[in-house]
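One structure is given below, encoded as structure tokens.
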Amino acid sequence: MIGSSDIMSRISDEKILEIRNSVNIVDIVSEYLPLVQKGKNYFGVCPFHDDHNPSMSVTQDKQMFKCFVCGVGGNVFTFLMEYEHISFLEAVKKIADKVNIQLDIGPITKKSVSLLSKYYEMYDLSMKYYQNNLKTASGKDALKYLQDRGINEEIIKEFGIGISYKGDKLYKMLKASKHDDKGIEESGLCNYNDKGYYDVFSNRIMFPLFDIDGKVVAFSGRIYNTTDSSKYVNSKESPIFKKGQMIYNYHRVREFVRKSGQVIVVEGFMDVIALYKVGINNVVATMGTAITSEQARLIKRLSTDVILMFDGDNAGNKATVSCAEELQKVGITPKIIRLEDKLDPDDYINKYGIERLKEHIENPISLIDYKMIIYKENKNLQNSVDVSNYINEVIKELKFVNDKIVRDLVLQKLSNETGVSLNTISSIIKKEETNKIIKPELIKPSKKMNRYEKAYKGLLFYMLRYKEVIRIVDDSNVFIPNREHRLLACEITSFYEKYENINIADFTAFLGDKKELVEIVNQIFDLPLPEEYINEEIDDYIKVLNEYTVNLEQKRLEELMKESKSDIDKADIAKKIIELKKEWI
């Protein structure tokens with residue numbers, strides 16, 4: 001049966017199989033990472049290890065996924081469990097919700113999640129409150145301010161934009177909604193002073209910030225009719241808001257990235273909105289901070305084709321290099337757009353128009369070319385020391401470039417710019433490479449299977465594919481020496497007895513949260529054996545395992561014979577050994 005007794009009491013095997021069969025694994029996996037079709041299968045960069053090349057295969061006809069490097073694999077539920085670090089039942093519920101299949105299974109979320117729900121509720125209520133304010137007479141100036149900047153009603157609604165008032169109106173609204181003072185203060189929406197509680201955001205245009213699932217977790221408030229020294233005030237970190245874990249617009253962008261195959265990364269949410277209002281939708285923002293490794297992995301999940309379009313000033317250049325280097329750590333070398341006149345995307349569109357910006361998007365420069373521009377700035381190439389520093393800086397970057405043609409072009413360009421010969425630059429590179437200490441890669445030797453292991457794994461391989469083999473093995477009463485593989489054989493037989501067929505995706509769903517058995521299924525299913533079986537081969541596997549059983553019993557009887565003091569008993573045991581061999585072989 002599926003999973004633990006707790007799961008079994010709440011959901012039937014048939015319901016789980018119905019849910020599993022209601023979706024296409026390719027569609028589900030595509031929501032999380034880009035896939036490219038090659039022949040019958042789809043391939044993508046594996047999110048479960050530091051993968052630089054697409055090594056994960058998603059098979060539509062089998063409804064399974066498998067990484068050929070780290071070995072993680074399974075069905076659609078397994079993917080969600082591994083990707084989102086959730087339980088089997090949570091994965092089933094998530095798929096059921098996607099296809100509108102009702103499951104009456106009670107609460108399944110962890111206690112910590114339910115404790116956070118009050119914060120999510122407060123932020124959702126606050127967004128609706130701010131949005132409603134914008135529709136009142138007091139919101140007239142803020143609405144005009146937005147419209148003057150090309151942010152129309154559609155964009156306001158799409159991005160949940162609103163306005164905050166002075167005082168404690170939000171606090172009173174949250175109190176009226178049965179939230180306590182401690183929770184309201186912890187949320188970061190309100191503070192306390194000697195006059196009592198007051199709203200953190202005062203008379204500002206409010207932009208909600210969403211987490212990757214589309215829940216409001218924070219706000220950024222912008223001035224619009226004052227000369228406040230703080231142009232923006234942002235929510236402080238809270239139990240639901242960690243700036244380094246967030247990518248703005250992530251929840252909205254997946255479908256657009258899937259269609260274009262490409263994601264554009266900008267610095268702030270206003271850049272996202274500026275591009276969105278002119279029809280460029282495959283855009284996310286890092287929220288203007290140094291990108292974290294977690295944010296880099298989130299971007300990688302969207303696409304491996306990444307363009308960075310940060311502000312054109314010095315701070316933007318530093319952010320571009322920092323972000324690019326973090327992305328390189330997860331196996332992505334981004335392309336770069338460098339905007340003229342040190343402008344941000346919104347100002348650039350206003351000055352030069354959308355068509356010129358689109359030309360940049362269609363013709364980004366490589367990271368190495370961008371870095372050459374940055375390294376060359378503020379250097380005098382008539383100065384020998386500056387020339388030397390410039391060449392050495394570029395050479396250090398070449399270690400990240402695997403494309404031989406690109407390397408040759410960079411070296412030629414470097415020589416042309418500096419007047420230093422190709423031979424001299426090449427000799428510097430060769431010297432660096434010679435001085436490198438090369439550590440030989442440690443490759444674990446694969447464990448060689450003995451004949452008994454080959455036999456029971458071969459049987460399981462064909463049992464997972466053919467119901468006829470399940471029947472043959474079941475009738476033979478063959479003994480499988482390894483406990484986990486023996487349990488797997490029992491589960492396969494149970495599945496067949498219940499459904500009278502065998503299907504790999506349904507069977508792994510049937511196993512539920514028995515992770516050890518699912519892992520063995522993945523290993524067995526990918527053994528390098530012919531897809532078609534022949535009866536003689538199955539018979540041979542059974543004979544080998546019967547031989548194992550005989551040898552085991554023979555050893556037991558021989559031990560008894562050694563311990564026996566009676567010649568009559570010894571003769572009787574010897575007779576049993578002979579009969580044993582006759583019976584099985």
Side-chain angles (χ1 to χ4, degrees), residues 120-166 169-170 173-174 177 189 199-226 228 231-235 246-257 259-260 264 266-285 287-288 309 344-355 357-358 361:
Y120 289 120
E121 185 182 335
M122 279 189 272
Y123 271 89
D124 186 58
L125 282 170
S126 300
M127 180 181 70
K128 289 170 182 171
Y129 167 76
Y130 294 142
Q131 283 179 297
N132 190 61
N133 289 347
L134 199 58
K135 298 171 186 174
T136 66
S138 301
K140 186 171 59 177
D141 291 344
L143 186 60
K144 184 178 185 305
Y145 174 90
L146 290 169
Q147 289 170 342
D148 288 346
R149 278 150 186 77
I151 300 176
N152 59 26
E153 291 284 348
E154 185 183 341
I155 297 295
I156 289 169
K157 185 177 179 182
E158 180 69 31
F159 288 90
I161 302 168
I163 181 178
S164 59
Y165 292 146
K166 289 181 180 178
K169 291 182 180 178
L170 175 65
M173 185 273 292
L174 292 173
S177 300
L189 290 163
D199 303 347
V200 166
F201 296 99
S202 175
N203 197 33
R204 288 175 178 267
I205 293 175
M206 301 299 292
F207 297 88
L209 309 180
F210 303 86
D211 67 12
I212 63 172
D213 294 317
K215 296 191 188 83
V216 186
V217 294
F219 289 98
S220 184
R222 191 193 195 287
I223 57 170
Y224 68 98
N225 62 358
T226 67
D228 194 313
K231 186 176 179 181
Y232 285 99
V233 171
N234 299 319
S235 293
M246 187 178 141
I247 295 287
Y248 183 77
N249 206 42
Y250 195 94
H251 69 292
R252 191 183 286 108
V253 83
R254 286 174 179 151
E255 187 60 32
F256 299 112
V257 171
K259 287 177 182 175
S260 67
I264 300 170
V266 294
E267 284 187 72
F269 64 88
M270 284 303 294
D271 298 325
V272 171
I273 294 172
L275 293 170
Y276 205 92
K277 70 186 183 186
V278 294
I280 300 171
N281 310 114
N282 55 327
V283 190
V284 296
M287 299 305 297
M309 184 166 59
D344 63 30
D346 195 17
D347 291 337
Y348 190 89
I349 292 168
N350 291 334
K351 183 172 181 178
Y352 291 111
I354 182 58
E355 292 307 317
L357 182 70
K358 283 182 177 178
I361 294 172

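Counting begins at 1 with the first residue of the sequence.
Considering only residues two or more places apart in sequence or on other chains, Y123 meets the ring-ring contact (aromatic ring centres under 6.0 Å, His included) condition with F219. Qualifying salt bridge (Lys or Arg N to Asp or Glu O under 4.0 Å) partners for K140, counting only residues two or more places apart in sequence or in other chains: none. Among residues two or more places apart in sequence or in another chain, the salt bridge (Lys or Arg N to Asp or Glu O under 4.0 Å) test is passed with R222 by none.
Inter-residue side-chain proximity for F159 and V272 is flagged as met; some heavy-atom pair is nearer than 4.5 Å. Between I349 and L275, the closest side-chain pair of non-hydrogen atoms falls below 4.5 Å. Contact of the N132 side chain with the K128 side chain is not registered, since no non-hydrogen atoms from C-beta on lie closer than 4.5 Å. No side-chain heavy atom of V257 sits less than 4.5 Å from a side-chain heavy atom of V284. Residues L357 and V278 have side chains not in contact (no heavy-atom distance under 4.5 Å, counting atoms from C-beta outward). Looking at heavy atoms from C-beta onward, N225 lies out of side-chain contact with Y145 at the 4.5 angstrom threshold. With a 4.5 Å cut-off on side-chain heavy atoms, V217 and M246 count as touching. Counting heavy atoms from C-beta outward, M287 and L209 have side chains that approach closer than 4.5 Å.
Judged by distance alone, the side chains of N203 and Y224 do bring a donor and an acceptor atom under 3.5 Å apart. Remark: the Y165 side chain and the T136 side chain contain an N/O donor-acceptor pair separated by less than 3.5 Å.
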Any chance you could lay out the side chain to side chain contact (heavy atoms under 4.5 Å, CB included) test for L146 and N152, step after step, and finish with the verdict?
-> CA-CA 7 Å; L146 290 169; N152 59 26; over 6 Å; no
Determine, step by step, whether N234 and F201 satisfy the side chain to side chain contact (heavy atoms under 4.5 Å, CB included) criterion, reporting the C-alpha distance in whole Å, the side-chain angles of both residues, the deciding distance to 0.1 Å, and the verdict.
-> CA-CA 9 Å; N234 299 319; F201 296 99; 6.0 Å; no
Dump the intermediate steps for side chain to side chain contact (heavy atoms under 4.5 Å, CB included) on I273 and Y248, then the final yes or no.
-> CA-CA 10 Å; I273 294 172; Y248 183 77; 4.1 Å; yes
So K169 and M173, side chain to side chain contact (heavy atoms under 4.5 Å, CB included) or not? Walk me through it.
-> CA-CA 6 Å; K169 291 182 180 178; M173 185 273 292; over 6 Å; no
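The shortest heavy-atom contact between S164 and N133 is CA-ND2, 4.4 Å. Contact detail for S260 and N282: the closest heavy-atom pair is OG-ND2, 3.3 Å. A pairwise comparison of heavy atoms in P345 and M309 identifies CG-O, 4.2 Å as the closest pair. The shortest non-hydrogen separation linking R254 to I212 is NH2-O, 3.8 Å. The heavy-atom pair separating A142 from I163 by the smallest distance is CB-CD1, 3.5 Å. The shortest heavy-atom contact between I155 and I151 is CG2-CG2, 3.7 Å.
Salt bridge status for E154 with K277: absent, with no side-chain N to carboxylate O gap under 4.0 Å. Between D346 and K351 there is no salt bridge, since no side-chain N of the basic residue sits under 4.0 Å from a carboxylate O of the acidic one.
Summarising the geometry, atom OG belonging to S177 is positioned 7.0 Å from atom CD belonging to E121; distances are rounded to the nearest 0.5 Å. The CG atom of D344 sits 8.5 Å away from the CD atom of E267 when rounded to the nearest 0.5 Å. Atom-to-atom distance recorded for D271:CG and N249:CG is 11.5 Å, nearest 0.5 angstrom. Separating the OG atom in S235 from the CE atom in M206 is a distance of 6.5 Å, to the nearest 0.5 Å. Distance check, rounded to the nearest 0.5 Å: CE of M122 to CG of L170 gives 10.0 Å. Atom CD of E153 and atom CD of E158 lie 13.5 Å apart (nearest 0.5 Å).
For Y232 and F269, the ring centers sit closer than 6.0 Å to each other. The aromatic ring centres of Y250 and F210 sit 6.0 Å or more apart.
The main-chain N or O of K215 is never found under 3.5 Å from a side-chain atom of D213 such that the two would form a donor-acceptor pair. With N281 contributing its side chain and F256 its backbone, the two residues share no donor-acceptor pair below 3.5 Å. Side-chain atoms of D199 do not come within 3.5 Å of backbone N or O of S202 as any donor-acceptor pair.
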